[in-house]
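This report refers to the structure that appears directly beneath it.
No hydrogens, no waters, no symmetry mates; every other heavy atom, side chains included, goes into these values. All residue numbers in this chain count up from 1 along the given sequence.
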Amino acid sequence: MSQSAVPGRDTVYVFLGRTDGDRPAAARRLLRRAGGALLGRAEAEIRVGRDAAGRPLVDAGDAVELPVSLSHAGGVVVVAARRGGGVGVDVERRRELPALALADRWYAPQEAAWLRGRPPGQRVEAFLLLWTAKEAVGKALGRGLRDGGLRRPMPVPGGPGELLRPVPGAGGLRVGHPRLPAGGGGGGRAGDLVLALAVDGPADGVELVVD
């Protein structure tokens with residue numbers, strides 16, 4: 001993972017920004033920024049829309065569509081984009097919640113048991129790491145959390161800054177929790193956010209740029 005792209009590698013861009021009360025406008029700005037960065041066109045030439053399933057679409061008016069993913073939490077919006085294949089992103093704000101009860105309801109039994117084995121002060125963080133991973137993987141697969149997505153098994157999370165790890169039973173899909181910039185990328189304090197990124201491909205073949 002890096003803060004700058006390496007020539008010849010599959011670059012995944014993750015852009016964070018504040019919504020400033022207008023989430024759709026903030027999302028469009030970041031999607032155009034991602035399109036400009038990866039398609040090599042002026043941001044004014046980038047078109048932003050949605051497909052029949054409501055997923056964001058980005059192109060420059062030609063046949064090339066840019067794989068993108070969008071998430072928001074509170075006053076923060078996040079866009080992930082790459083040219084090399086599928087991508088999914090999800091973000092949540094850290095907050096108090098009944099982690100064990102929610103895990104018993106929504107997660108596979110082995111994940112709920114793993115969460116219960118965590119120290120009490122770490123359970124909310126662990127719950128959000130799993131939740132964002134499931135959301136990001138669902139988006140990368142193009143299915144979201146439909147068809148039992150919350151029970152889709154995830155690799156045990158290592159915490160913010162971990163490398164991408166293989167997702168069981170999902171082919172070459174990997175998921176991780178990239179470390180965010182100290183300033184939160186314009187979207188608030190990084191310590192307030194839990195962000196997961198899912199990509200299709202080997203971990204050592206992906207260069208991550210977070211801005």
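Considering only residues two or more places apart in sequence or on other chains, Arg29 meets the side chain to side chain contact (heavy atoms under 4.5 Å, CB included) condition with Ala25, Ala26. Taking Ser69 as the reference, nothing meets the side-chain hydrogen bond (donor to acceptor under 3.5 Å, both in side chains) condition, with sequence neighbours excluded. Considering only residues two or more places apart in sequence or on other chains, Asp22 meets the side-chain hydrogen bond (donor to acceptor under 3.5 Å, both in side chains) condition with none of them. For Glu65, there are no salt bridge (Lys or Arg N to Asp or Glu O under 4.0 Å) partners, not counting sequence neighbours. With sequence neighbours excluded, the residues satisfying side-chain hydrogen bond (donor to acceptor under 3.5 Å, both in side chains) with Arg33 are Asp211. The side-chain hydrogen bond (donor to acceptor under 3.5 Å, both in side chains) test applied to Thr19 returns no partner, not counting sequence neighbours. With sequence neighbours excluded, the residues that form a salt bridge (Lys or Arg N to Asp or Glu O under 4.0 Å) with Arg55 are Asp51. Partners of Val64 under the side chain to side chain contact (heavy atoms under 4.5 Å, CB included) rule, at least two apart in sequence or in another chain, are Leu39, Asp62, Arg83. Not counting sequence neighbours, the partners of Arg47 by the side chain to side chain contact (heavy atoms under 4.5 Å, CB included) test are Asp59. By the side chain to side chain contact (heavy atoms under 4.5 Å, CB included) test, Leu97 is found to be paired with Arg95, Ala99, Leu102, Val124, Phe127, Leu128, residues two or more places apart in sequence or in another chain being considered. Every residue was checked against the salt bridge (Lys or Arg N to Asp or Glu O under 4.0 Å) condition with Asp20, not counting sequence neighbours, and none meets it.
With contacts defined as side-chain heavy-atom distances shorter than 4.5 Å, the pair Val58/Ile46 qualifies. Side-chain atoms of Arg151 and Pro109, non-hydrogen and from C-beta on, do get closer than 4.5 Å to each other. Within the 4.5 Å cutoff, the side chain of Pro157 has heavy atoms near those of the His177 side chain. Considering only heavy atoms from C-beta on, Pro178 comes within 4.5 Å of Leu195 through its side chain. Side-chain atoms of Trp131 and Val194, non-hydrogen and from C-beta on, never get closer than 4.5 Å to each other. Between Leu193 and Arg93 the shortest side-chain heavy-atom distance falls below 4.5 Å. You'll find the side chain of Thr11 stays beyond 4.5 Å of the side chain of Leu38, heavy atoms only.
Taking OH of Tyr107 as the reference point, atom CE of Met154 lies at 10.0 Å (rounded to 0.5 Å). In this structure, the separation between CG on Asp200 and CG on Leu141 is 8.5 Å, given to the nearest 0.5 Å. The distance from atom CG of Leu70 to atom CZ of Arg50, rounded to the nearest 0.5 Å, is 6.0 Å. To the nearest 0.5 Å, atoms CG (Asp104) and CZ (Arg116) are separated by 4.5 Å.
Here the closest heavy-atom approach between residue Ala126 and residue Arg118 is recorded as CB-CG, 4.2 Å. Closest heavy-atom contact between Pro168 and Pro153: CD-O, 3.7 Å. Listed here is the closest heavy atom pair of Leu130 and Pro155: CD2-O, 4.5 Å. Considering all non-hydrogen atoms of both residues, Ala81 and Val87 come closest at CA-CG1, 4.4 Å.
Around atom CH2 of Trp106, no more than 12 heavy atoms belonging to other residues, nucleotides or ligands sit under 6.0 Å away.
In the hydrophobic clustering of ILVMFWY residues, with side-chain heavy atoms under 4.5 Å counting as a link, Leu30 and Leu57 come out apart.
For residues 55-83, there are no ring pair (Phe, Tyr, Trp, His ring centres under 6.0 Å) pairs, not counting sequence neighbours.
Not a single donor-acceptor pair under 3.5 Å links the side chain of Arg32 to the backbone N or O of Gly36. When atom types are taken as modelled, the side chain of Lys134 and the backbone of Arg152 share a donor-acceptor pair closer than 3.5 angstrom.
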